[in-house]
Every structure is written in C-alpha cells, then in structure tokens.
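From a predicted model like this one, the values you see are computed outputs, not experimental measurements. Just so you know, residue 1 is the first one in the sequence shown, and it goes up from there.
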Amino acid sequence: MKMKAILTLAFFCAATTLFAQSDYKQSIGLRLGNGYYDVASAAYKTFLNDASALEFNLGIRPDKIRGGGPKWTSVSAAGTYQHHFDIKPVAGLKWFVGGGVVLSNTFSNDDHYTGFGVGLYPTGGADYKFKKIPLAVSADVRPTFHIVEPFDDNIYNKYNNFYPNVGVSARYTF
C-alpha cells in the first residue's frame with residue numbers, strides 16, 4: 001500500500017513538472033472574496049489569445065444580518081473579460097483590466113431580503129503564473145453596481161446598489 005502511494009505521488013510530481021509552463025491557456029481553482037454575492041467561488045479562466053481572457057465564477061455566500069436579522073444565502077454566477085499586460089521585470093506577472101456581469105439569487109427566511117440580482121462591474125488586478133509549477137494566483141478588485149436589486153425594498157440595503165468586492169484566487173493551470 002505504501003509503495004502505491006509513493007509511486008502515485010512520484011507520478012503526480014513528475015507530471016506537474018512536465019506540464020508546468022511560464023504562461024498558461026486555462027486554469028481552474030478557487031476565488032475568495034468579500035462581495036455581497038460570493039465569499040467563495042469556483043473559478044475558471046481561459047485565454048482567448050496572449051492578452052485577452054475570460055474568467056467565470058460560481059459562488060456562494062451564507063450570512064446572517066447582525067442584530068437578529070434574517071439568515072440568508074446568496075448564490076451567483078459571474079463572467080469577466082480581462083485584458084492582460086506584462087509587467088516586464090517579473091516573468092509570469094501580468095496586470096489586467098476589464099469588466100463583467102454577475103447574476104445572483106438570495107434565499108432568506110425574510111421576504112424583504114430575497115430575490116434575483118444583476119450587477120455590472122469594472123475590474124482590475126494582477127495575475128502571477130509560477131514558472132516551475134502549474135499554479136496561478138491573482139488578486140482583483142470588482143466594485144459592483146447592481147442594476148437589478150435582489151431585495152423588494154431597502155430595509156437591509158445599506159450599500160445603495162453598490163457593493164465593494166476584493167478577491168484573491170489560486171488556480172491550477174493547464
């Protein structure tokens with residue numbers, strides 16, 4: 001049993017070393033953020049060419065309003081266009097700008113705090129691909145403006161349709 005585990009680990013390490021690259025075409029992983037609509041999301045990124053990429057996120061955020069408010073859960077799907085620019089002194093480091101749209105649905109035990117939302121956001125950040133291992137990390141800012149608010153009134157809406165969102169991602173590249 002130990003020999004199988006050691007051989008499996010050795011094969012995995014060899015395969016990841018063989019397929020490690022300085023740039024990448026696609027990646028999949030996890031994005032952690034502080035947005036209204038997601039705290040954790042599955043992240044998939046694909047490059048259309050050397051500079052243009054699309055990132056897709058499926059996220060969730062369970063929460064409770066402080067002071068005895070409703071319990072709620074938000075689920076979301078987001079799509080982002082990113083245009084990348086090399087940061088020359090550091091191989092594998094790029095900064096990006098772009099924009100996207102998020103669709104979210106909030107489920108709650110309070111009828112005033114439930115519903116569907118649509119938001120638009122500009123985005124900017126940095127992306128780094130490690131040279132020796134198939135891992136890319138990034139940090140981004142997505143200030144989101146909701147054009148369809150997920151509430152039927154403003155009892156709990158302290159942001160007035162604006163939601164700050166900062167996130168970090170770690171993705172396996174292939």
Inter-residue atom distance [X].[atom1] - [Y].[atom2], 0.5 Å rounding:
X      : Y      : atom1 : atom2 : value
Phe116 : His146 : CZ    : NE2   : 10.0 Å
Thr46  : Gln26  : OG1   : CD    : 4.0 Å
Phe85  : Asp127 : CZ    : CG    : 13.5 Å
Asp23  : Lys131 : CG    : NZ    : 10.5 Å
Asp140 : Ser169 : CG    : OG    : 6.0 Å
His83  : Leu48  : NE2   : CG    : 11.0 Å

Between [X] (side chain) and [Y] (backbone), is there a donor-acceptor pair under 3.5 Å?
X      : Y      : answer
Ser108 : Lys71  : yes
Ser27  : Tyr172 : no
Asp86  : Lys88  : no

I want to check something: taking the side chain as every heavy atom from C-beta on, are [X] and [Y] in contact at a cut-off of under 4.5 Å?
X      : Y      : value
Leu54  : Tyr81  : yes
Pro143 : Phe162 : yes
Glu55  : Thr123 : no
Val141 : Tyr121 : no
Ile87  : Tyr128 : no
Ser76  : Arg61  : no

Can you tell me how the ring of Phe56 sits relative to the ring of Tyr44, calling it parallel under 30°, perpendicular over 60° and tilted otherwise? parallel
Please determine whether side chain to side chain contact (heavy atoms under 4.5 Å, CB included) holds for the pair Thr80 and Arg142, giving the CA-CA distance in whole Å, both sets of side-chain angles, and the decisive distance to 0.1 Å. CA-CA 10 Å; Thr80 308; Arg142 295 178 180 178; 3.7 Å; yes
Kindly indicate, with the supporting measurements, whether the criterion side chain to side chain contact (heavy atoms under 4.5 Å, CB included) is fulfilled by Asn165 and Asn34. CA-CA 5 Å; Asn165 188 348; Asn34 71 336; 3.7 Å; yes
Check this for me: Asn49, atom CG, are more than 12 non-hydrogen atoms of other residues, nucleotides or ligands nearer than 6.0 Å? yes
Where do Ala40 and Leu32 come nearest, in terms of heavy atoms and distance? CB-CD2, 4.0 Å
Minimum heavy-atom distance between His84 and Ala53, given as atom pair plus value: CE1-CB, 3.6 Å
Test side chain to side chain donor-acceptor pair (under 3.5 Å) on Asn57 and Tyr37 and set out the steps. CA-CA 11 Å; Asn57 305 106; Tyr37 47 85; over 6 Å; no
Decide whether Leu30 and Val168 are clustered together by the hydrophobic rule: side chain heavy atoms of Ile, Leu, Val, Met, Phe, Trp, Tyr closer than 4.5 Å, transitively. yes
Given a cutoff of under 4.5 Å between side-chain heavy atoms of I, L, V, M, F, W and Y, with clusters grown through shared members, what are the other residues clustered with Val75? Ile60, Phe107
Using atom types as modelled, flag every donor-acceptor pair under 3.5 Å from a side chain in residues 90-105 to any protein atom, sequence neighbours excluded.
none

